[in-house]
Visitor: 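Provided herewith is a single structure, encoded as structure tokens, for subsequent inquiry.
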Amino acid sequence: MSIANIQHFIHGQRTAGTAGRAQDVFNPATGAVTGQVALANAADVDAAVAAAQVAFPAWADTPPIRRARVLFKFLELLNHHKDTLAELITLEHGKVFTDAQGEVSRGIDVVEFACGIPQLLKGDFTDQVSTGIDNWTLRQPLGVVAGITPFNFPVMVPMWMFPVAIAAGNTFVLKPSPIDPSAALFIADLLKQAGLPDGVFNVVQGDKEAVDALLVHPLVKAVSFVGSTPIANYIYETGARHGKRVQALGGAKNHMVVMPDADIDQTVDALIGSAYGSAGERCMAISVAVFVGNVADQVIPKLVERAKALKIKDGMELDAEMGPIVTAAAHARITGYIAQGVKEGAQLLVDGRGFQGTAAGAGCDGGFWLGGTLFDHVTSDMRIYKEEIFGPVLVCVRVPDFAAAVQLVNDHEFGNGVSCFTRDGNVAREFSRRIQVGMVGINVPIPVPMAWHGFGGWKRSLFGDMHAYGEEGVRFYTRQKSIMQRWPESIGKGAEFVMPTAK
């Protein structure tokens, strides 16, 4: 099998860079090395930023409607090639093909939103704020901006960032995860085919060396990041210290509160899909089920049955419900958490460590396989409750009443996503108002906002003031300018020693 040479994309061209370092890329289903990705050094990052800086003035001066036309063409190409992108995701990440298709579709939603940039950039105008004086605002691009994105959504998360950024007139440097880097290059090729000028969108492959080079580079004006909370904190503090606008989305421990009146079968379906979909490797996965009253005794037996029956296969098999873990290191981390949960006294009802790759299909015996795992009688002092496992592990906590459920969620350090399953409208309303979490679902297990609303958590799930994409995304990638204007004919004689007032 040939090994792909996965490079950077700078000023409209693929390039190996100057660092001379590379990292293996694996197919998680088989464990086979499928590619070698270049790892950038500071000089490679500087080359990408320089290309973006050179391209910025002309792109910023391009009328928004013409920038939108490039995005419309990109949108057309994305729709034509979306299954190719989905296949790239599955072959390097491992998530099932249908889930990868959904990821691409959610990314396309943001591109469609960004195509409306002429409307989104409209400012405000007031005539005659004072005698002979008009005042208006406009939003202008920042310059070179960067996105640092995680392995778990190699298409969707970059599309949370660059479509809005370049539509607003910025130029962009993307640093994707080296675990699944191929999709970023395919996107770069499509943007070039769409007519995007060279240098407006660049890709630097790499690890921490590339990240640090972006964080300290004087020409990078803003950084968007999605990943774990410790790294998000580091990105935020380092970028802000170097004068950058930073939006850093961190980790999660998403709860689903199940009330006694919830529809049991719908609840089970929601928990199975949201806990084990994408092998739990997504920041909006439900990893804690909070059962109120005696509803646990109705739900948990069904969860056990369904978790044991998950169709775990190579993601390219269309009936697969769950694929492999993304890397051997991630597999070891997750199994370590399972062992820790047993040690802490949680009741292990379904142990995914017994799943063998041979059961996933031909050629899968060397892959990074793990079955769905289910714990009951978990308490809030256990590590498997407190920490983000980022794998197919669902923990069940039992509480006596609604108030205790709300308190449990609000006491957690993360506040990314949460859900409540109930038939009671008052409970739903009170839950939505009182819960201290950024994204809330009522009978919706994964409440990822649509493209025009914006994504972001609270507490240690978000560092920065603005959520990703949506109108807040437009604000993040632009800065407001206020202009006051009057003409000589309306200016009275003599010096004025006070600020303009409404007179």
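Values in this document were obtained by computation on a predicted structure and should not be read as measured data.
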Visitor: Decide side chain to side chain contact (heavy atoms under 4.5 Å, CB included) for R282 and D99; before the verdict, give the C-alpha distance in whole Å, the side-chain angles of both, and the deciding distance to 0.1 Å.
Guide: CA-CA 12 Å; R282 53 189 177 198; D99 189 21; 3.8 Å; yes
Visitor: Does a side-chain heavy-atom distance below 4.5 Å link T90 with V96?
Guide: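 No, their side chains stay 4.5 Å or more apart.
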Visitor: Within a strict 4.5 Å, meaning less than it, do heavy atoms of the S380 and L408 side chains meet?
Guide: yes
Visitor: With W160 as reference, evaluate Y477, F113, F476, Y469 under the ring-ring contact (aromatic ring centres under 6.0 Å, His included) test and give the passing residue.
Guide: Y469
Visitor: Locate the shortest heavy-atom distance separating K175 from G206; write the atom from each residue and the value.
Guide: NZ-O, 2.9 Å
Visitor: So do the side chains of K95 and E281 get within less than 4.5 Å of each other, counting heavy atoms only?
Guide: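 No. Closest side-chain heavy atoms not under 4.5 Å.
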Visitor: With a 3.5 Å distance limit and no angle check, can you tell me whether N254 reaches the backbone of V418 through a side-chain donor-acceptor pair?
Guide: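 Answer holds: no.
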Visitor: Do Q347 and I300 come within less than 4.5 Å of each other through their side chains, counting heavy atoms only?
Guide: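 The answer is no; the side chains never approach within 4.5 Å.
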Visitor: Quick check for you: to the nearest 0.5 Å, what is the distance between H467 atom NE2 and L462 atom CG?
Guide: 5.0 Å
Visitor: Report yes if the side chains of Y276 and R306 come closer than 4.5 Å at any heavy-atom pair, otherwise no.
Guide: no
Visitor: Working to the nearest 0.5 Å, report the span between CE of M256 and CZ of F421.
Guide: 4.5 Å
Visitor: A side-chain contact here means heavy atoms from C-beta on lying under 4.5 Å apart; do F390 and V326 qualify?
Guide: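 With C-beta onward as the side chain, the pair stays apart.
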Visitor: Indicate yes or no for a side-chain donor-acceptor contact from T30 to the backbone of C364 under 3.5 Å, with no hydrogens or angles considered.
Guide: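 Checked: no pair found.
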Visitor: Kindly say whether I338 contributes a backbone atom to a donor-acceptor pair with the side chain of R353 at under 3.5 angstrom?
Guide: no
Visitor: Between the side chain of N416 and the main-chain N/O of K253, is any donor-acceptor distance below 3.5 Å?
Guide: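 No: the side chain of N416 does not pair with the backbone of K253.
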Visitor: Take a 6.0 Å sphere around CG of D465 and say whether it holds more than 12 heavy atoms from other residues, nucleotides or ligands.
Guide: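 No - once you tally the heavy atoms of other residues, nucleotides and ligands closer than 6.0 Å, there are 12 at most.
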Visitor: Drop me the distance from I148's CD1 to I235's CD1, to the nearest 0.5 angstrom.
Guide: 4.0 Å
Visitor: Counting N and O atoms only, with roles assigned by atom type, does the side chain of E388 sit under 3.5 Å from a partner on the main chain of A252, one being a donor and the other an acceptor?
Guide: yes
Visitor: With distance as the sole test, does W59 use its side chain to make a donor-acceptor pair with the main-chain N or O of I166 at under 3.5 Å?
Guide: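 Checked: pair present.
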Visitor: Going from OG1 on T478 to CZ on R139, what distance comes out if it is rounded to the nearest 0.5 angstrom?
Guide: 3.5 Å
Visitor: Under the criterion side-chain contact (heavy atoms from CB on, under 4.5 Å), which of V350, V397, I384 is the partner of F375?
Guide: I384
Visitor: Mind listing the closest non-hydrogen atom pair of Q7 and A38 along with its distance?
Guide: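 Looking at all heavy atoms of both residues, the shortest contact is CA-CB, 4.5 Å.
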Visitor: Return the minimal non-hydrogen interatomic distance between P150 and V157, and the atom names on each side.
Guide: CD-CG1, 3.7 Å
Visitor: Determine the minimum heavy-atom distance between G323 and I312, stating which atoms define it.
Guide: O-CG2, 4.3 Å
Visitor: If we ignore hydrogens and angles and just use 3.5 Å, is the side chain of S274 paired with the main-chain N or O of P445 as donor and acceptor?
Guide: no
Visitor: Of all the heavy-atom pairs spanning A289 and L271, show the shortest one and how long it is.
Guide: CB-CD2, 4.0 Å
Visitor: Judged by modelled atom types alone, do Q36 and D24 share a side-chain donor-acceptor pair under 3.5 Å?
Guide: yes
Visitor: Go through M159 and I187 one step at a time and tell me if the side chain to side chain contact (heavy atoms under 4.5 Å, CB included) criterion holds.
Guide: CA-CA 10 Å; M159 287 187 187; I187 287 169; 4.0 Å; yes
Visitor: Does atom NZ of K82 have more than 12 heavy-atom neighbours from other groups under 6.0 Å away?
Guide: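 No - once you tally the heavy atoms of other residues, nucleotides and ligands closer than 6.0 Å, there are 12 at most.
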Visitor: I need the L394 CG to L303 CG distance, nearest 0.5 Å.
Guide: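 Between atom CG of L394 and atom CG of L303 there are 6.5 Å.
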Visitor: Does any non-hydrogen side-chain atom of F402 lie less than 4.5 Å from one of R434?
Guide: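 SC-SC contact between R434 and F402 ruled out.
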Visitor: My understanding is that only one of Y385, F291, F431 makes a ring-ring contact (aromatic ring centres under 6.0 Å, His included) with H255; could you say which?
Guide: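 Answer after filtering Y385, F291, F431: Y385.
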Visitor: Could you check whether any side-chain heavy atom of V246 comes within less than 4.5 Å of a side-chain heavy atom of F225, counting everything from C-beta outward?
Guide: no
Visitor: Quick check for you: to the nearest 0.5 Å, what is the distance between H8 atom NE2 and N202 atom CG?
Guide: 11.5 Å
Visitor: Please assess Q205 against V25 for the test side chain to side chain contact (heavy atoms under 4.5 Å, CB included), listing each intermediate value before the final yes or no.
Guide: CA-CA 12 Å; Q205 312 284 4; V25 177; over 6 Å; no
Visitor: Fit a plane to each ring of F26 and F368, take the angle between them on a 0 to 90° scale, and name the class: parallel (under 30°), tilted (30 to 60°) or perpendicular (over 60°).
Guide: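 The rings of F26 and F368 stand perpendicular, inter-plane angle above 60°.
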Visitor: Judged by atom type as modelled, is there a donor-acceptor pair below 3.5 Å linking the side chain of S228 to the main-chain atoms of G251?
Guide: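 Pair absent, no side-chain N/O of S228 close to backbone of G251.
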Visitor: Is a donor on one side and an acceptor on the other found under 3.5 Å between the side chain of H453 and the backbone of G470?
Guide: no
Visitor: Between D180 and H93, which heavy-atom pair has the shortest distance, and what is it?
Guide: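 In terms of heavy atoms, the two residues are closest at OD2-CB, 3.6 Å.
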Visitor: Counting only N and O atoms by type, is there a donor-acceptor contact under 3.5 Å from the side chain of E321 to the main-chain atoms of L310?
Guide: no
Visitor: Can V226 and T149 be said to form a side chain to side chain contact (heavy atoms under 4.5 Å, CB included), step by step?
Guide: CA-CA 5 Å; V226 175; T149 56; 5.8 Å; no
